[in-house]
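When a ligand or atom number is given, it counts from 1 through the structure's own listing order. The figures that follow rest on heavy atoms only: side chains count, while hydrogens, waters and symmetry mates do not. Position 1 is the first residue of the sequence, and the numbers go up from there.
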Amino acid sequence: MPSSLVFPPGFRFGTSTSAFQIEGATDADGRGVSIWDVFAAEPGRVLGGDSPAVGIDHYHRYAEDVALLAQLGVQDYRFSFAWPRILPTGRGTVEKRGLDFYDRLIDALLTAGINPVPTLYHWDLPLALQEAGGWMARETAEAFADYASLLGEHFADRVTDWLTLNEMSVHTLYGHGLSEHAPGLGLELAALPAAHYQLLAHGLAVQRLRAAGAQRIGVANQHFPVIPASDDDADLIAAHVFADLTNWTFADPILRGVYPSDEIAGGILQLTGVSPEQLAADLRVISEPLDVYGVNYYEPTRIGAPQADRDSSGVLEVDIPEGLPFAAVPIEGVERTDFGWSIVPSGLGDILRQLRERYPELPPIIITENGASFSDGPGADGRVRDERRIRFLDAHLRALSDEMAAGANVVGYYVWSILDNFEWAAGFSERFGLVHVDLDTLARTPKDSYYWYRDLIEAQNPARSV
Ligand code: BGC
C-alpha cells in the first residue's frame with residue numbers, strides 16, 4: 001500500500017529512541033546507576049521481570065542501527081544521552097568513555113547524512129541525584145544545567161538540533177505521582193515540585209545550550225486531547241483539571257511563562273516553599289524562547305468526575321487512584337493497538353489546533369513521537385507483515401497533513417520507534433519498532449512498515465539519493 005501523501009519541501013522525517021530503552025550495556029565503560037536500573041531490578045515493577053541490562057544492545061550495535069536508519073532515508077534521528085553514562089553520579093567527574101560513545105554515534109550519523117537530534121534527558125536520572133532528592137529538589141535542576149553546558153560545549157560543533165527533556169508530564173505523573181515508573185514515589189498531587197524543577201531544568205538548559213552555540217533548541221512534551229466523559233458540569237470540570245495538570249502545566253510555563261491555574265501555581269508555591277518572587281523569576285527562565293516545540297502524540301484521554309460505578313480498567317496504562325478529582329473513562333467504538341491504546345488519528349489534529357489557539361507565539365512544531373505497539377513477528381518466510389502499523393502511521397500522517405493545510409506549522413515527524421525496545425513497565429512485551437528485534441539473537445529484521453516509511457520518504461523527493 002504505497003502512500004500518496006505529499007509534504008512540503010524541507011519537511012523532516014525521522015525516528016525516535018531513548019538511551020535506556022535501547023542501549024543495554026548498563027555497566028559498560030564506567031556508566032553510573034540510574035533510577036531505572038534500580039526500579040527495573042525490583043520484583044514486580046516490570047512485566048515478566050524483563051531486564052534492560054542487555055536490552056537490544058544498541059551500545060554495541062549502533063553501527064548496524066545507523067545503517068538501518070540510512071537505508072530508511074530519514075533526515076533526522078532523535079535519541080537521548082544517558083546522563084549516568086556521561087556523569088556517573090550526575091555531576092562532577094566526567095566519564096570520557098561515555099562521551100566517546102556519543103561521539104561515535106553522532107559521527108556515524110553525520111557520515112550517513114543523518115541529522116542527530118539528541119534529547120538531554122529521557123527519564124534515566126543518575127541514582128546519586130535521586131538520593132539527594134531527585135526532581136523534588138531544586139539542586140537537580142542546577143545539576144542538569146551543568147550537564148547541559150558540558151554537552152553543549154562538547155557537541156555543539158556538530159549537533160545543531162537539541163531537545164531538553166522528554167515528557168516531563170509522564171515522568172511527573174507515572175514516576176512521582178504514581179508508582180508505575182521510576183523513581184516510583186506515589187506522591188499523587190504532592191508530586192508537583194517534580195514538574196516545577198524539571199521545567200526549571202529545561203529553561204536553564206536552554207540558556208546553557210545557547211551559550212555553548214546550540215542553534216535550534218526545543219523540548220519534547222506529550223500532548224493529547226482530553227475528552228470529557230459527558231456534558232455534565234462535574235465531568236467538564238474533571239476533564240478541565242486533568243488537562244491542566246497533564247497538558248498545560250508543562251506547556252503554559254514554557255510558552256506563556258505562567259502556570260495554567262492559580263490552584264496549580266499555589267500548589268507549587270506551597271509544596272516547594274519558594275517565594276512568589278522566586279517563582280516569577282523561575283518562570284522567566286522556563287519561558288526562554290524556543291526554536292521548535294516537540295509534540296509526542298499517541299492517543300486522546302477521556303476523563304470524568306470520579307464515580308464509584310465507573311469502570312476505568314484498560315483506559316490509561318494505570319488506574320487513577322481513588323481520591324483524585326478525576327477518573328479515566330473508556331473511549332468507545334475505536335480500534336486499539338496491542339497495548340490497548342485507542343487509535344484516534346484525528347486527535348493529532350485536535351491537539352495541534354488547541355496548541356495553535358492557546359499560544360499565539362507557538363514556535364514551529366515537530367511531532368517528536370508518534371507510533372503504535374503491534375506485536376507482529378516474522379512469518380515462516382521471515383517477513384514481518386505489520387499491516388496495522390502501516391495503517392496507523394498512514395492515518396496519522398494524513399491527519400497531520402490535513403492540519404498543516406489548515407494552518408499548523410509543523411516541520412517534521414518522527415516515528416516512535418526505529419527498533420522494538422524496552423517499553424518501561426511493560427518490558428519487552430510491547431513492540432513499537434519499524435524494525436523487529438529477536439530478543440534471543442538480537443537480530444534486526446525490518447518490518448513491512450519500515451519499507452512503507454522508506455518509500456514514503458523517498459517519494460517526497462525522488463531525486464535524493466540515499
Ligand atoms: C515515551 C517513550 C515510550 C513511548 C511509548 C512515550 O511516552 O517518550 O519512551 O516508549 O511513549 O509508550
Side-chain angles (χ1 to χ4, degrees), residues 14-24 34-37 39-40 45-47 50 52 55-56 58 77-83 117-125 163-178 180-183 195 198 202 218-224 246-247 250-251 293-301 314-318 336-344 347-348 351 366-375 389 392-393 396 413-435 437 449:
T15 65
S16 289
T17 59
S18 85
F20 193 75
Q21 295 179 271
I22 63 166
E23 285 181 2
S34 81
I35 54 173
W36 261 100
D37 296 293
F39 188 80
R45 295 297 201 183
V46 173
L47 196 66
D50 288 354
I56 59 165
H58 170 76
Y77 172 56
R78 173 178 175 234
F79 61 96
S80 76
F81 293 119
W83 190 348
V117 185
T119 307
L120 269 54
Y121 181 72
H122 200 125
W123 305 350
D124 47 356
L125 190 74
L163 297 165
T164 56
L165 289 88
N166 178 72
E167 294 191 356
M168 291 175 265
S169 63
V170 176
H171 200 33
T172 303
L173 176 67
Y174 285 76
H176 297 75
L178 307 173
E180 305 302 311
H181 283 183
Q198 286 182 86
H202 158 81
V219 63
N221 268 348
Q222 191 182 80
H223 280 293
F224 46 83
T246 52
N247 283 303
F250 299 88
Y293 186 75
V295 172
N296 295 357
Y297 172 71
Y298 288 92
E299 59 169 346
T301 302
V315 178
L316 294 180
E317 289 157 74
V318 291
R336 293 186 179 273
T337 70
D338 285 347
F339 212 164
W341 296 3
S342 52
I343 302 177
V344 186
L348 178 56
I351 196 67
I366 295 182
I367 307 302
T368 34
E369 286 181 31
N370 177 235
S373 168
F374 290 114
S375 57
R389 179 171 290 99
F392 179 99
L393 296 175
H396 284 77
Y413 171 90
Y414 304 163
V415 174
W416 182 274
S417 177
I418 177 68
L419 297 154
D420 291 341
N421 61 46
F422 182 79
E423 179 49 34
W424 307 113
F428 292 103
S429 67
E430 300 297 334
R431 292 179 175 271
F432 278 86
L434 298 172
V435 175
V437 180
S449 58

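- In this structure, the side chains of F224 and N296 stay at 4.5 Å or more apart for every pair of heavy atoms.
- Proximity of W341 to ligand 1, defined as any heavy-atom pair under 4.0 Å, is confined to the side chain (atoms from C-beta onward).
- Contact check on E369 versus R78 returns a salt bridge, with a Lys/Arg side-chain nitrogen under 4.0 Å from an Asp/Glu carboxylate oxygen.
- Summarising the contacts of atom 2 (C) of ligand 1 with E423, E369, H181, the nearest heavy atom is found in E369.
- Residue-level proximity to ligand 1 for N166 is carried by the side chain, the only part with a heavy atom below 4.0 angstrom.
- A donor-acceptor contact closer than 3.5 angstrom links the side chains of N370 and Y413.
- Of the N and O atoms on the side chains of Y121 and N166, not one donor lies less than 3.5 Å from an acceptor on the other residue.
- In this structure, V170 falls outside the shell of residues with a heavy atom less than 4.0 angstrom from ligand 1.
- Remark: among candidates Y297, Y298, F20, F432, the nearest residue to atom 4 (C) of ligand 1 is Y298, based on non-hydrogen atoms.
- Between W424 and ligand 1, at least one N/O pair is under 3.5 Å apart.
- Residue W123 places no N or O, backbone or side chain, under 3.5 Å from any N or O of ligand 1.
- Distances from ligand 1 to the non-hydrogen atoms of E430 include no value under 4.0 Å.
- Between E167 and ligand 1, a contact under 3.5 Å exists for at least one N or O pair.
- Contacts of Q21 with ligand 1, taken as heavy-atom pairs under 4.0 Å, involve the side chain alone.
- Taking a cut-off of under 4.0 Å to the non-hydrogen atoms of Q222, the atoms of ligand 1 that pass are 7 (O).
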When you look at I343 and T337, which way does the side-chain contact (heavy atoms from CB on, under 4.5 Å) test go after all the steps?
-> CA-CA 7 Å; I343 302 177; T337 70; 3.9 Å; yes
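- No hydrogens or angles considered: nothing links the side chains of E423 and S373 as a donor-acceptor pair under 3.5 Å.
- Distances shorter than 4.0 angstrom do not occur between any heavy atom of F339 and any atom of ligand 1.
- Aromatic pair Y293/H223: ring centres closer than 6.0 Å.
- Each of I366, T17, I367 was compared with Y414 under the side-chain contact (heavy atoms from CB on, under 4.5 Å) criterion, and only I366 meets it.
- Each of the following atoms of ligand 1 lies closer than 4.0 Å to a heavy atom of H122: 1 (C), 2 (C), 8 (O), 9 (O).
- To the nearest 0.5 Å, the span separating CZ on F339 from CZ on R431 amounts to 13.5 Å.
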